[in-house]
Colleague: 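Mind looking over this structure? Questions follow.
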Amino acid sequence: MADETGLDFSDQIAALENKYQQALKDLYKHLTPIQRLSIARHPNRPTVLDHILNITEKWVELHGDRAGYDDPAIVTGIGSMDEKSYMFIGHQKGRNTKENIARNFAMPTPHGYRKALRMMKYADHHGFPIITFVDTPGAFADLKSEELGQGEAIAHNLRTMFGLKVPVVTVVTGEGGSGGALAIACSNKLFMLENSAFYVASPEACAAILWKSSQAAPKAAEKLRITAQEHYRLKIADGVIPEPLGGAHVDPAWTSQQIKITITQAIKELENMNTEELLQHRRLKFRSIGGFQEGIPVEPKRKRNMKPSEVNMPKAADIELEIENLKKKILEAKGPSDLITTQAIEKLKKDVDKEMTNAFISMGLQEKLESVKLELSKASKDTSSQPLNRNLKEKVDKIMQEFNHNLSQPGAYLGLKQKLEKLNLVSRLIEKEERKQKLKAEINQKVPAELKEKMELLKNAEEKISKGEPVDKELMEEVEAVKKELVEVLKSANLEVVGVTKKNVVTAPPELKEKIEKVNTEIYEEIERVINEAGIRGRIEELKAGIAKGSSSEDIEKAEAKIKEEILATLDVETLKEKVKSLTVELDLPEETVAEGEISAENGKFQ
């Protein structure tokens, strides 16, 4: 605008720049742990080689673990600062995707740690102080690294570093991930850049383990205490190295000089110690991290607040069994207000509420939910009779939409999903039972008293038939007449009669039980013979496997139909029918019952 108009905007530009600097200052003075981690992972953040080249007058990089490999994720070499030689070791990241792939994203393999170990022994032999730079997400955890002894290589480094007779200083420049960082960080002095992080597990991994969602990473970052300030407060870090406003990438040279000043001061302090004092200083530093103090006796037994044992926690099978028992109680209950059933349902509801609350917390929706609840309570007080505010309804819908989306993720919140499914099943059962009781009461009111007496006759006749007692023809005719009369009464009461079913419960006399079992065995043997001769056994097993894997219902139905057709084509159905018919005659069943019987190709039973 100044060029176009010829006006002087210097004052306005200066005011805007001052405002910007103030806003930047306010922002970077109150960074959250996850924000500091984001700065530590910034792609433009200076790498270990950048710092080494900025602080050394001479630098020679050394390669190889002398076992046939040179890991590019760890750089080692000798450099001089103020005419004094040092051994530099550090994790090296790349600036872009190509460099990161070449450097394996600063995740060392066992070869890298063995290279670092070789250089430490070399420095120890020649009396060079060791400076290590940490900037790694962690050790590379692929199959090949595990086969080559990743854990052994890290453990070997940890043990060896506590025996080095030269001063060791570590600077965390970016992120320090677990044992992969600690393998070159067992030092006399540990310093961290202002926006660096040191952790046993990344916040994303921690959130996925504890809260089953990586969205809880900000909360995990706070709980893990990963920042330089927290490490200094806990006396894990010996100092915090300042960074320029906006992070180290804003002014890499100035940051490197701050690192150089800190290193030289620490080395001067450590050089005043003799070898024994230096080793003792390093050991005591790490012993004090765990709260141990020399000369003070340790309590043999100390109570700690541990995570509740999962031994007594309900498992999926226990929940299934509990629901089945609850289902039986509902179906057997005299009414929906049965005390035992109500208590069991209330317990299930409480469990679901607890799981829901934990799910909302892990998804990071608890604060939003509390805010909406507060607004709802205010709205209900102000306008009790009016409908819900549209904006408030949209907020509620948005929260529930996000909750349902997270809940629908495969493998997430399995316990909650299971309990919700069971609660829905229980609710449907209760509703069904209530409808049944209501309909029963309604029918009882509409059926006249004289018909009820006749229904007793019907009931007695059915009991006789079920016990296998002979029933005379006149009684059967009377029973049929009562049935017709009952149908007419129900129709007159505006109740639709869908159909009349027959309860054919036949109890065979003891002398016929053997014959029934024999016929049943013959049917099963015939079906087994057909399956073996036709070579269908393999396809039946394939069908079972498909059902277990959750194949589409269409494919399963087609396979079932094909298997049934082949069984029926080979099965001697007529012979089996004759055997069943002769058995029913001996049981003295009515002819219509015999007509309704049929051989099922699916299971070979008389139905």
Side-chain angles (χ1 to χ4, degrees), residues 45-66 70-95 99 103-104 106-108 111-136 157-158 160-161 164-176 180-193 196 198 237-239 241 248 252-271 278 282:
R45 194 171 178 83
T47 64
V48 168
L49 278 176
D50 292 333
H51 289 306
I52 291 172
L53 294 172
N54 283 338
I55 64 178
T56 57
E57 293 93 30
K58 293 180 183 178
W59 161 252
V60 177
E61 188 174 350
L62 302 174
H63 297 271
D65 63 348
R66 294 298 181 267
D70 179 37
D71 189 352
I74 283 188
V75 293
T76 59
I78 300 173
S80 62
M81 290 192 303
D82 301 329
E83 299 182 354
K84 182 175 177 63
S85 295
Y86 297 86
M87 175 63 73
F88 291 94
I89 301 169
H91 303 98
Q92 177 65 22
K93 282 186 177 179
R95 293 199 174 280
E99 286 183 17
R103 296 283 181 181
N104 199 28
M107 293 188 290
H111 301 292
Y113 292 116
R114 288 172 184 139
K115 176 169 78 169
L117 180 65
R118 183 175 79 86
M119 298 306 168
M120 287 176 197
K121 289 180 178 178
Y122 180 84
D124 191 41
H125 177 74
H126 290 282
F128 297 145
I130 299 171
I131 313 298
T132 65
F133 293 93
V134 172
D135 186 14
T136 178
N157 278 27
L158 298 177
T160 304
M161 287 191 81
L164 296 172
K165 297 173 185 178
V166 294
V168 184
V169 176
T170 297
V171 179
V172 182
T173 60
E175 57 179 329
L182 199 62
I184 61 168
C186 295
S187 55
N188 296 94
K189 295 280 186 180
L190 173 68
F191 299 99
M192 296 180 70
L193 285 179
S196 62
F198 211 168
D238 296 283
I241 302 171
W254 186 86
T255 307
S256 298
Q257 289 309 309
Q258 296 302 310
I259 292 172
K260 182 179 179 180
I261 292 165
T262 305
I263 289 171
T264 51
Q265 287 176 352
I267 292 294
K268 281 180 185 177
E269 183 185 336
L270 295 171
E271 281 180 337
L278 196 68
R282 195 178 304 141

Colleague: For N157 and T160, does a side-chain donor sit closer than 3.5 Å to a side-chain acceptor?
Modeller: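 No - no donor-acceptor pair under 3.5 Å links their side chains.
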Colleague: Apply side chain to side chain donor-acceptor pair (under 3.5 Å) to D238 and list each qualifying residue two or more places apart in sequence or on a separate chain.
Modeller: K285
Colleague: Are D71 and R114 close enough that some pair of their side-chain heavy atoms sits under 4.5 Å apart?
Modeller: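 In short, these two side chains do not touch, never coming nearer than 4.5 Å.
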Colleague: Determine whether H51 and F88 make a side-chain contact, defined as any pair of heavy atoms from C-beta on separated by less than 4.5 Å.
Modeller: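 When only atoms from C-beta onward are counted, F88 and H51 do not touch, as no gap falls below 4.5 Å.
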Colleague: Is the side chain of T132 donor-acceptor paired with the backbone N or O of A185 at a distance under 3.5 Å, no angle test?
Modeller: no
Colleague: A181 and V134: which non-hydrogen atoms are nearest, and at how many Å?
Modeller: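 Looking at all heavy atoms of both residues, the shortest contact is CB-CG1, 3.5 Å.
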Colleague: Once you round to the nearest 0.5 Å, how far does OH of Y122 lie from CD1 of I78?
Modeller: 4.5 Å
Colleague: Under a 4.5 Å cut-off applied to non-hydrogen side-chain atoms, are P167 and L278 in contact?
Modeller: yes
Colleague: Return the set of residues passing side chain to side chain donor-acceptor pair (under 3.5 Å) with S187 (not counting sequence neighbours), or none when no residue passes.
Modeller: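 Partners of S187 by the side chain to side chain donor-acceptor pair (under 3.5 Å) criterion, ordered by chain and then number, come out as T170.
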Colleague: Is there a donor-acceptor pair under 3.5 Å between the side chain of H91 and the backbone N or O of G180?
Modeller: yes
Colleague: Before accepting this row, confirm whether a basic side-chain N of the pair K93/E175 lies closer than 4.0 Å to the acidic partner's carboxylate O.
Modeller: yes
Colleague: T47 and D135: side chain to side chain contact (heavy atoms under 4.5 Å, CB included), yes or no, with the steps?
Modeller: CA-CA 8 Å; T47 64; D135 186 14; 5.8 Å; no
Colleague: Does D82 form a side chain to side chain contact (heavy atoms under 4.5 Å, CB included) with E57? I'd like the steps, not just the answer.
Modeller: CA-CA 8 Å; D82 301 329; E57 293 93 30; 4.1 Å; yes
Colleague: Rounded at 0.5 Å granularity, tell me how far CD1 in I184 sits from NZ in K115.
Modeller: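 The NZ atom of K115 is 11.0 Å from CD1 of I184, to the nearest 0.5 Å.
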Colleague: Would T255 and Q258 count as a side chain to side chain contact (heavy atoms under 4.5 Å, CB included) if you check the C-alpha gap in whole Å, the side-chain angles of each, and the deciding distance to 0.1 Å?
Modeller: CA-CA 5 Å; T255 307; Q258 296 302 310; 5.6 Å; no
Colleague: Restricting to side chain to side chain donor-acceptor pair (under 3.5 Å), what partner residues turn up for K260, sequence neighbours left out?
Modeller: none
Colleague: Is there a donor-acceptor contact under 3.5 Å from the side chain of Q92 to the main chain of R103?
Modeller: no
Colleague: Should I74 and H111 be marked as a side chain to side chain contact (heavy atoms under 4.5 Å, CB included) after you check the CA-CA gap, both sets of side-chain angles, and the distance that decides it?
Modeller: CA-CA 9 Å; I74 283 188; H111 301 292; over 6 Å; no
